Amino acid sequence: MCGIVAYLGREDAYPVLIKGLKRLEYRGYDSAGVALLNDGEISLHKCKGKVSDLESHVGVPNVAGSVGIGHTRWATHGPPNDVNAHPHLSGKGDLAIIHNGIIENYNTLKEELINRGHHFESETDTEVLAHLIEEVRSNTDTSLFEAVRISLNEVVGAYAIVVMDKNNPDQLIAAKKSSPLVIGIGEDGTYYVGSDATPIVEYTKNVVYMEDEEVALLDRTKGLKIVTIQNREKTPYIQELELHLEALEKGGYDYFMLKEIYEQPRSIRDCFRGRISLQKGMVRLSGIEVHEEKWINAKRIIIVGCGTSWHAGLVGEYLFEDLARIPVEVEYASEFRYRNPVINSDDIVIAISQSGETADTLAAIQLAKSKGAHIFGVCNVVGSTISRETDSGCYTHAGPEIGVASTKAFTAQVTVLTLMALAVAQKRNAISAERLHRLIVEISSLPDKVQTALESNKMVEHISGIYKDARNALYLGRGYTFPVALEGALKLKEISYIHAEGYPAAEMKHGPIALIDEEMPVFVIATHGQSYEKVVSNIQEVKARKGKIIAIVTAGEQHVLTLADHIIEIPKTDDALVPIVSVIPLQLLSYHIALMRGCNVDQPRNLAKSVTVE
Ligand code: M6R
């Protein structure tokens, strides 16, 4: 993980770096640091903690310099402390470097460097890289650009780096492999670099997404030059950024998470806009149409993802099997990549990722690709690595998600998967025109239904107050709502640090029922639909053991009302779409409980938004 930002221009670099780091803080917040170049001296400021801690540490911003690099860290090698914070300096102190990724052979490199007389301050893999580059430069008497290129040939692992040279205020060197890096091209030889485009968007819309094993020279007068680490020259491909500054602000909300929860009526609408036609009774996705034959003839779909994206994948399993009649397997990307999975050329692999940068998902894609499967990406971040690595795909159009806990990304992913299942079902003649039409009508009413579900907020806040001190919680769902139970439990764990488990409701009697006593809140999704009666029986089982029942029910529900301690009503919709509406109160619940427990809702401990390491 980690976020990196750099600036080479004519203004003061410090404000650009700090603002950029705040935007990238979702990538890690264990420590933060900047290095600025002024009058041939590098001034280094770094400390444990968040970017705001760095600002206090720097004090009055007396840090001049129109060239600088900055870093916000999610610790991998070495604990989060001041010394391990980036930037790191080379042995002689001529170079400063920031890095996102993991240098896997850093131990070997470090030992070799120590044997040649190098001394290291930190425990990080990054410092090793700074020393290596400096040594290569002095041994080969070459430019820094060339020294970085040569050094990277010795590196095994993942990196996005920017290197600054004390003796050259007109250049920065950037390089990447497996970790993302974007270059922004400003006016008059001004350059910006970021782990994503968020630190860049307010200065320029012209960006270059670097490819793996590329090294870039950013030079005030000579411009931008890119070569591969094998020294093949590349022509930079400049793209126009599709990102708006307002989307990166809190817009009046106290937390990004709350803003993103409330954005869902809009983000779901943006997701299906232009893809469904009520008049024609059709769903159209260009990502599917370009490879129509593959979908028509697919023997199996494998869905890979992590965390919330994996939960969305589980809903996808129900959707594709129910609507398009294609067998589906859903895999944790981290497990899939290290198995020896049987993959055939008539399999389709769907990779789901909000960030489009998750290392495990990326590795799973590469494995499936090498076995000849067709890879389809469902990503939110436009231009992200996964969206570029896949054969075709479909963006979720949820807009930037900054809160570490995924909310609007989940509902957009499930919306896309629903559209995909319907588009494929049409092509395979697996769905009746009547059911298709009914579902299209339901999809178009989702924004209103999600809006109504959001109106449960006051009731959810009240319930949160009652259960905020719980030590454990159970979440139960069945059929389409089983993945929602998993997602509800994940949301509670990750931001309020309450231990929570999601289960298929009927599985409870095979073990978890032993946990139930009068202290245990059990959140049950008991909406009208196929499994309703069965779930009601499961509620009875919980009640018989004195568990506290909080049920998400369809508006107007009478029976569960008499059994549950609390009910939260949501509007009625088709079984296939219940996940999108029923997850809303669970998102709000985890938000309120986390807030009441004094937790940092947007930046939970130990986590980062984009997990670009194994
Ligand atoms: O960016 P991705 O969707 O690939 O991220 C996958 C997980 O890291 C992510 O969903 C994580 O579980 C969230 N924090 C959940 O809220």
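Remember, predicted model here, so these are calculated numbers, not experimental data. Every number for a ligand or one of its atoms is a count from 1 in the order of the listing. What you see below is based on every heavy atom in this structure, not just the backbone, and it leaves out hydrogens, waters and symmetry mates.
In this pair, His71 and His86 present their aromatic rings parallel. The plane angle is below 30°, not in the 30 to 60° band. Between Tyr591 and Tyr255, the ring planes are perpendicular. Angles over 60° get that label, and only those under 30° would be called parallel.
Taking the charged nitrogens against the carboxylate oxygens, Glu211 and Arg388 do have a contact shorter than 4.0 Å, which makes a salt bridge. One finds no salt bridge joining Glu25 and Lys50 here, because no Lys/Arg side-chain nitrogen approaches an Asp/Glu carboxylate oxygen to under 4.0 Å.
Among protein heavy atoms, atom 8 (O) of ligand 1 sits closest to Val611 CG2, 3.9 Å. At the shortest separation from atom 9 (C) of ligand 1 among protein heavy atoms lies Thr308 N, 4.1 Å. Among all non-hydrogen protein atoms, the one lying nearest atom 4 (O) of ligand 1 is Thr358 OG1, 2.4 Å. In terms of protein heavy-atom proximity, atom 7 (C) of ligand 1 is closest to Cys306 O, 3.6 Å. Looking at atom 1 (O) of ligand 1, its nearest protein heavy atom turns out to be Ser355 OG, 2.6 Å. Among all non-hydrogen protein atoms, the one lying nearest atom 12 (O) of ligand 1 is Gly307 CA, 3.3 Å.
Residues Tyr467 and His592 keep their aromatic ring centres 6.0 Å or farther apart.
The two residues Ala32 and Leu54 come nearest to each other via the heavy atoms O-CD1, 3.8 Å. When all heavy atoms of Pro579 and Tyr480 are compared, the closest pair comes out as CG-O, 3.3 Å.
Between Val404 and ligand 1, an N or O atom pair is found at a separation short of 3.5 Å. Taking distance alone, with nitrogen or oxygen atoms compared against 3.5 Å, Gln413 stays at or beyond that limit from ligand 1. Residue Thr361 has no nitrogen or oxygen atom sitting less than 3.5 Å from a nitrogen or oxygen atom of ligand 1, judged on distance alone.
Annotation for ligand 1: atoms under 4.0 Å from non-hydrogen atoms of Glu494 are 13 (C), 14 (N), 15 (C), 16 (O). Using a 4.0 Å cut-off to heavy atoms of Ser309, the atoms of ligand 1 that qualify are 2 (P), 3 (O), 10 (O). Numbered from 1 in the order shown, with element, the atoms of ligand 1 that lie under 4.0 Å from a heavy atom of Gln354 read 1 (O), 2 (P), 3 (O), 4 (O). Contact atoms of ligand 1 toward Lys491: 15 (C), 16 (O) (distance under 4.0 Å to a heavy atom of the residue). Short contacts between ligand 1 and Ala405, defined as distances under 4.0 Å to a heavy atom of the residue, involve ligand atoms 16 (O). Atoms of ligand 1 lying under 4.0 Å from at least one heavy atom of Ser406, given by number and element, are 15 (C), 16 (O).
Here the CD1 atom belonging to Ile326 is positioned 4.0 Å from the CD1 atom belonging to Ile301, to the nearest 0.5 angstrom. Here Tyr29 contributes atom OH and Trp74 contributes atom CH2; the two are 10.5 Å apart, rounded to the nearest 0.5 Å.
Contacts with ligand 1 closer than 4.0 Å are made by no heavy atom of Glu357, backbone or side chain.
Checking Glu260, Met257, Lys259 one by one against Asp602, the side-chain contact (heavy atoms from CB on, under 4.5 Å) holds for a single residue, Met257.
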